[in-house]
Amino acid sequence: MDQILSLAATNLLSPIILSFVLGVIAALARSDLSIPEAVAKGMSIYLLFAIGFKGGVSVASHGVDLTLALSLIAGMALSALLPLIAFSLLQIMTGLSRLDAAAVAAHYGSISIVTFVAATSVLQSSGIASEGYMVAVAAAMEAPAILSALWLISRGGSDARRMDGELMREIMLNGSIVLLVGAFFIGGITGADGLAKIESFIVSPFQGVLCLFLLDMGLVAGRGLRGGGQVMKPGVIAFGILMPLIGSVAGLGVGLLLGLSTGGVALFMVLSASASYIAVPAAMRVALPEANPSIYLTLSLGVTFPFNLTLGIPLYVAVASALTGG
Amino acid sequence: MDQILSLAATNLLSPIILSFVLGVIAALARSDLSIPEAVAKGMSIYLLFAIGFKGGVSVASHGVDLTLALSLIAGMALSALLPLIAFSLLQIMTGLSRLDAAAVAAHYGSISIVTFVAATSVLQSSGIASEGYMVAVAAAMEAPAILSALWLISRGGSDARRMDGELMREIMLNGSIVLLVGAFFIGGITGADGLAKIESFIVSPFQGVLCLFLLDMGLVAGRGLRGGGQVMKPGVIAFGILMPLIGSVAGLGVGLLLGLSTGGVALFMVLSASASYIAVPAAMRVALPEANPSIYLTLSLGVTFPFNLTLGIPLYVAVASALTGG
Amino acid sequence: MDQILSLAATNLLSPIILSFVLGVIAALARSDLSIPEAVAKGMSIYLLFAIGFKGGVSVASHGVDLTLALSLIAGMALSALLPLIAFSLLQIMTGLSRLDAAAVAAHYGSISIVTFVAATSVLQSSGIASEGYMVAVAAAMEAPAILSALWLISRGGSDARRMDGELMREIMLNGSIVLLVGAFFIGGITGADGLAKIESFIVSPFQGVLCLFLLDMGLVAGRGLRGGGQVMKPGVIAFGILMPLIGSVAGLGVGLLLGLSTGGVALFMVLSASASYIAVPAAMRVALPEANPSIYLTLSLGVTFPFNLTLGIPLYVAVASALTGG
Amino acid sequence: MQTHKAKRVEITIEAVMQSRLTDALKDAGVTGYTILPVLGGSGRSGEWSRAGQVSRAQGMAQVICIIQPERLDALLEGAFAVVERHIGVVTVTDCDVLRAERF
Amino acid sequence: MQTHKAKRVEITIEAVMQSRLTDALKDAGVTGYTILPVLGGSGRSGEWSRAGQVSRAQGMAQVICIIQPERLDALLEGAFAVVERHIGVVTVTDCDVLRAERF
Amino acid sequence: MQTHKAKRVEITIEAVMQSRLTDALKDAGVTGYTILPVLGGSGRSGEWSRAGQVSRAQGMAQVICIIQPERLDALLEGAFAVVERHIGVVTVTDCDVLRAERF
Ligand SMILES: Nc1ncnc2c1ncn2[C@@H]1O[C@H](COP(=O)(O)O)[C@@H](O)[C@H]1O
Ligand SMILES: Nc1ncnc2c1ncn2[C@@H]1O[C@H](COP(=O)(O)O)[C@@H](O)[C@H]1O
Ligand SMILES: Nc1ncnc2c1ncn2[C@@H]1O[C@H](COP(=O)(O)O)[C@@H](O)[C@H]1O
Ligand code: NA
Ligand code: NA
Ligand code: NA
């Protein structure tokens, strides 16, 4: 318990979290502080490239094993199954329509890569190692949740065809996945030599870029909270905090079963606990345009993301440490 | 005198100044060289975050004292009073209308953060220390000048209500102030530990980013000179050089009275001498739309900024050194 | 031969080339991965500034000599003459109209600065030195080819006035040339001292930025190949590979005649072999609007650029090493 | 297809006044609007371009508002109160809209 | 100068639907279109702005299509099939064009 | 409110020709114009998008010019001389403007 609290305190007072808080405050105070869309997108490309590359380099030096394949499969299964739990929970806890509930559920099966990045940086400063291929697991968990959610809706019967080949292609080949997986392969192929060449670009400034990126996330989350406040009923908010806890327990079980390292288990918890706010919202606008975007965006970005960033990550890391004896 | 000249020469031949000069030349030659708006805004966010953060870290390690509070108050007083001097001077030296004169005066009470940043980098390469909280003084000096200028106009009686709550909020919470102050607090809270984490982002590349940012400032200043040439009467230009000198003397007096270090006195001079070109122009467009923006933008960016950057800063540093025995 | 192969293999498996390949694959697979225009432009400004500055610093430390002036003149001559060879070749090998052939020819006389940058980074990792002023030669070679191409057309007689003073100014003062030459002078003036100040901005992260920039180039090249496929007849594609080889031989001869170092000869080959895709296309849209941009853009970016990047550069470096005994 | 008569109002205004304008439009009973970025322009107060800026002070934006014809006057009064002292241009065009129940 | 009557159709639509819309326009026999970026807007589904986004999910774009009057109906049918379930606005204006042979 | 008849001319043109066009407009006596960025488009010369560019060579922009009806012909002559050999589209719409003394 002490460890959790001290980890939480260190985490809460890190420049990364404080930058996020600054963003939230600025947005709530209606400051005109804003980060240009192109710069935010540039930073996210940088973060994806760096995290993918480093994961690939780590796999190159540790070698590929069976656990890698099993982890990928387990991640996809989690992504596909978590929306079913989320959907039931939403029907119990909230008055959301089937459509809105399915759209929200899709977000919670999928993952938030920035939450993942923030967790790796907490692990790193705590000196806890993790499997490099967890970044590939992250990529594998992005899409299955969307299919689950659309299946939930089509089962409801209202109208059938929500998914077409074009949408499928868009989901599987969305920019973040391609960049993350591509950089992972580049890192895997070029290994430590490649990393040496671009280390002072993708390693040294990483934490600083993450600060500015989280400042922007804070601005967006704060604006969302300001605008989306009216749709945020107590039951919905409670779901946004309960669901990541449930997800993290599922991730914990899977991580322990696979026999991952402390860091690997913690990251599996983080991935399962986190909710998408990029790939899934875009897919939902195409496939379920009648679902209300304020609900899923505010919930994912305004409730679950801050919860995971501030309290969730230290909690998951502490639990993983305790249970793996790490 | 020798020291001033050698400092001026070193300053003039630094990559920072030469980048600015390159920008001016390119713009005057009507090259299509341009830095995308989003990139320029991204660099300015970087500079504000870095300078604020470093100021906060420095305060965290040196502790808070009474001089900090006095410096903030003195800065605000300077910002409020300098426009009155500027306004009288403009009425004597130029034929500008009351409205245009008040708008210009507001710019000279407020400050230019890039001039401040350039000065800190000159101090640093000369090995002169300064108080970390000067960055907070800079933030405190942004807004009071605007209120003074609007008071000057309302006293003139033409039409009263120029200022409303909305504008007040916009001024106090404008993005640059919020980011600068926010980063200052983050730096203060996380201290040297926080700095260690993001040092290779906010310290090492700082000078280089400043070069590219000044290249852009040069382009903008050059374009302004090309376009705004016709409104730039000799009296107006003379004001643009005289006023920073007067401001610097006021800053010098205040800095000496407060008993600041050599660097602190120099920075007080720089702040008082510099003229705003971001927060104040935007406020003027809202509150005094009839004032001609070419006058105040060209004067602030095309005359005073280059003057301070090239000759002013070395002069202020030399004077501060001589009078504080630094 | 062994050396060529091993150099080619090292080159092909570098993060830089693999990033380019990732971009091509993503575009061909119609992923929505894209780098915002502003960010791409920002990176290209960074690369031009860094490469120009470093060239200037190197000249400052090695001194100016006659070969510099001769190299500039030789570069301009090559740029002016290569389009004539290219034009004849196009008339023999392809069925392109005179207009399209002249437009394509202009691209091959001029140069691609990113190919140059990639080559310098190969030289550097092979520990081969080169003359710092080659960056000035690159700038000098940008424009003459355009004049040659317009002369080819005016000789054809269709309609005379393609070139006016305004276009001339646009070509000579286009942003890339001004930035490259300007940074070269700044580097030359500030020398090693200046470099020390901004080294951790323009040297350390250079390779990493180049990776992301080449990722974008790959995306653009891939999209061009997807869209411009229909105009790419076999003869045209063959030209896109033969012409850089011919250009490199011309560059080789000139470099050897001038008595340059191994690296200098290799860079002369690279410049002559590379084809423009920024300055020349823009000039062609103004002067020869009837020429089909898909042909010259796809050829330059989709065929010649990838060829030089992957196979050309190692080949040119190996040949230069062999013939200069480097 | 079934279309309905409507008015398309396009207001080019300084970026600093944008939120004041949209607030005024909402007060005038407007149900929606779309904002386009503006790259540059020229008028009595000279020429400007987005590339020539370090500050928000000079940027402009274009606010487009589709409304039912009978509401035009209220909108123009509201807009004019904001635009009056400021630079900017207001144009009104006749148009047909799909899904008129939205306006 | 010689001008010809044409219709100017402006469709404001979610960015995620943009390629589906332009595909539908091409199927409806449209010979060209132009796409403008949109900074923000407001409607029945609330207010949004480009600054408030980390995802493409909320952005919009404006597709402009100039066509000969007799082709309007085919275009509107095609566009409507895409826009139908989605938020967005479609307006049609009369205009004159130079170089009518292009449309 | 008091409005006046005017013409709204919208010219979509390659970015490299933009300054030549605005110079021609000024020569034709135009008092102002507004330039909007263009994200992409499609026409006889194929499809393009801003994301697919490393060079300015393919970008486009939209120049909007509000003028008094009697000046339309001069403007179109001037614009056409620039646009003639280049790709691009010119449309003219009737509109009403506030503050007509400005045009
Ligand atoms: N005749 C016009 N047609 C189109 N836009 C105009 C016109 N006049 C002014 N504008 C726009 O309105 C802005 C301010 O104009 P002004 O108030 O005349 O300085 C200009 O920068 C243009 O963007
Ligand atoms: N009356 C209107 N005038 C102009 N644009 C509108 C209007 N109503 C809606 N829009 C645009 O269409 C988007 C979606 O509108 P809605 O479907 O009403 O939520 C808004 O964000 C605006 O960009
Ligand atoms: N019918 C049209 N409607 C709207 N924009 C068009 C149309 N035709 C062409 N354009 C625009 O003009 C550009 C050049 O067209 P084109 O000259 O036909 O290749 C295209 O990329 C579009 O942006
Ligand atoms: Na999840
Ligand atoms: Na001042
Ligand atoms: Na060449």
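A, B, ... follow the sequence lines: proteins, then strands. Residue 1 opens every chain.
- Note that the CZ atom of Arg8(D) and the OG1 atom of Thr93(E) stand 6.0 Å from one another [nearest 0.5 Å].
- For the atom pair CD of Gln62(E) and CD1 of Ile64(D), the computed distance is 4.5 Å after rounding to the nearest 0.5 Å.
- The CG atom of Asp94(D) sits 8.5 Å away from atom CG of Asp94(E), with the distance rounded to the nearest 0.5 Å.
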task = List the steps, then state whether side-chain contact (heavy atoms from CB on, under 4.5 Å) holds for Val90(E) with Asp96(D).
result = CA-CA 8 Å; Val90(E) 182; Asp96(D) 299 302; over 6 Å; no
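- Using a 4.5 Å cut-off between heavy atoms, Thr91(E) touches chain D through backbone and side chain atoms alike.
- For Leu36(E), the part sitting under 4.5 Å from any heavy atom of chain D is the side chain, from C-beta outward, and nothing else.
- The parts of Val83(E) that come within reach of chain D are both its backbone and its side chain, each placing non-hydrogen atoms under 4.5 angstrom from that chain.
- When all heavy atoms of Pro37(E) and Pro37(D) are compared, the pair lying nearest together is O-CD, 3.3 Å.
- Residue Leu98(D) touches chain E through both its backbone and its side chain, counting heavy-atom pairs closer than 4.5 Å.
- Interface with chain D: from residues 20-35 of chain E, no residue qualifies, criterion being any non-hydrogen pair under 4.5 Å.
- Most heavy-atom pairs under 4.5 Å with chain D: of the set Gly40(E), Ala79(E), Gly41(E), Ser42(E), this distinction falls to Ser42(E).
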